[in-house]
Amino acid sequence: MFIKYSILLTTTIIASSFSLLAQAESSNFDQIFVFGNSVSDAGNVYGITGSTFPPSPLYYEGRFSNGQIWIDYLGEDLELNPSTFYSDSFTDAEDGINFAIGGATTGTNSLGDSPNISFPGVTTQVNDFINFLDGETISEDALVILWAGENDYVEAFQNSGTLINPAIPINNIANSLSQLADAGAKHILVPNLINLANTPLGRSFIPPEQLDRLTLLTNAHNNALNSAVDSLDKSLTETDFAILDVNSLLENIFENPLDFGFQENPLESCLSPNNFPDISPGVVPCENP
């Protein structure tokens, strides 16, 4: 019920974000192109790792989730099924392409990179798409979505114990958005960040008494993102850019969990961050996921 209700809200926000355009009716979008991280990864990491990660049965069909993710429901609502670009199941771009990679930063790398394998960050994902187009332009009726940023802060903290300035990921995002507009995208949707202080991973690497730092960082990122997207919208007049305010949507859920079918404290995680069964044998989810 919660997922369906949230997707209804998300779809409504997406439609209203483009309400000034003839293409605001969702049925007029003929393709979806998605760039980002695990929030939107519908099977790319799973494909790259030979269907081994994220592991089943705790995770659902290659998603970093115990069920379908938001882009699955959005695709169903738009009657589109974009292919996952980095998986063996990639066929064609008729309904669009999902490039999102679990762990991806806004740059070229990913949290999942190792000496034996590398996963494309968002900058690389966009470059791979431009190469795939091979001089062709993006359909004017395509919906392009770019959602990323969290992993830049996680990576910086894990490597140095400090949090980076939002200007770095914001600059990466702006450059990618410009590339997509130059490639012909007419409708670009940019979700903002949820409060990092309310994520299991954020709450695991910052002491409780310092969680306000993550809230301030999230707000700084989202304010800078608003400014960057507004600037692009004014300068690249052939493309319509819109912010999807996921932050407000999720804050409403956190503040009113019972209205959405959650227990009283929805911030209690069901699995410890990064404790996947093949990394930490014996890890089990909470009693009632």
Side-chain angles (χ1 to χ4, degrees), residues 33-69 71-72 82-93 97-134 146-164 168-169 171-173 175-176 179 196 199-202 204-205 269-285:
F33 296 104
V34 186
F35 306 89
N37 53 37
S38 59
V39 177
S40 307
D41 185 348
N44 280 308
V45 166
Y46 196 64
I48 293 174
T49 60
S51 303
T52 61
F53 194 84
S56 178
L58 293 181
Y59 293 83
Y60 173 78
E61 295 188 2
R63 288 145 177 84
F64 290 82
S65 168
N66 65 337
Q68 288 185 302
I69 57 177
I71 199 66
D72 295 317
S83 299
T84 46
F85 187 75
Y86 300 104
S87 71
D88 292 337
S89 63
F90 179 73
T91 53
D92 55 55
I97 308 174
N98 186 330
F99 291 84
I101 288 282
T105 68
T106 60
T108 59
N109 62 315
S110 165
L111 297 180
D113 287 348
S114 70
N116 300 321
I117 190 170
S118 61
F119 300 92
V122 171
T123 294
T124 303
Q125 294 169 28
V126 172
N127 288 334
D128 286 345
F129 182 42
I130 301 302
N131 291 333
F132 173 82
L133 289 172
D134 194 26
L146 193 155
W147 188 5
E150 303 95 326
N151 292 328
D152 294 67
Y153 303 111
V154 174
E155 179 187 51
F157 190 85
Q158 288 180 338
N159 289 340
S160 64
T162 59
L163 295 168
I164 64 171
I168 297 173
N171 185 61
N172 289 337
I173 290 171
N175 288 338
S176 290
Q179 278 187 277
L196 297 175
T199 63
L201 189 57
S204 74
F205 68 73
S269 61
C270 195
L271 272 182
S272 298
N274 293 331
N275 282 346
F276 293 96
D278 56 341
I279 297 175
S280 303
V283 169
V284 295

Relative to the ring of Phe33, is the ring of Phe129 parallel (under 30°), tilted (30 to 60°) or perpendicular (over 60°)?
tilted
Distance-minimising heavy-atom pair for Arg63 and Gln68
CD-CA, 4.4 Å
Between Asn172 and Thr123, is any side-chain donor less than 3.5 angstrom from a side-chain acceptor?
no
Nearest heavy-atom approach of Phe99 to Phe35 is CD1-CE2, 3.4 Å
What is the minimum heavy-atom distance between Trp147 and Glu150, and which atoms define it?
NE1-OE2, 4.2 Å
Note, Asn98 side chain near Asn44 side chain (heavy atom, < 4.5 Å)
yes
Quick one: closest heavy-atom pair of Ala104 and Ser110, and the distance?
N-OG, 3.7 Å
Quick one: pull up OH in Tyr60 and CD1 in Ile69 and give me the separation to the nearest 0.5 Å.
10.5 Å
Output for pair (Ser38 OG, Asn151 CG), nearest 0.5 Å, gives 6.0 Å
If every non-hydrogen atom of Gln179 is compared with every non-hydrogen atom of Asn127, which pair is closest and at what distance?
NE2-OD1, 3.0 Å
Euclidean distance, Ile71 CD1 relative to Thr84 OG1, rounded to 0.5 Å
12.5 Å
So which heavy atom on Tyr153 is nearest to which on Pro169, and how close?
OH-CG, 3.4 Å
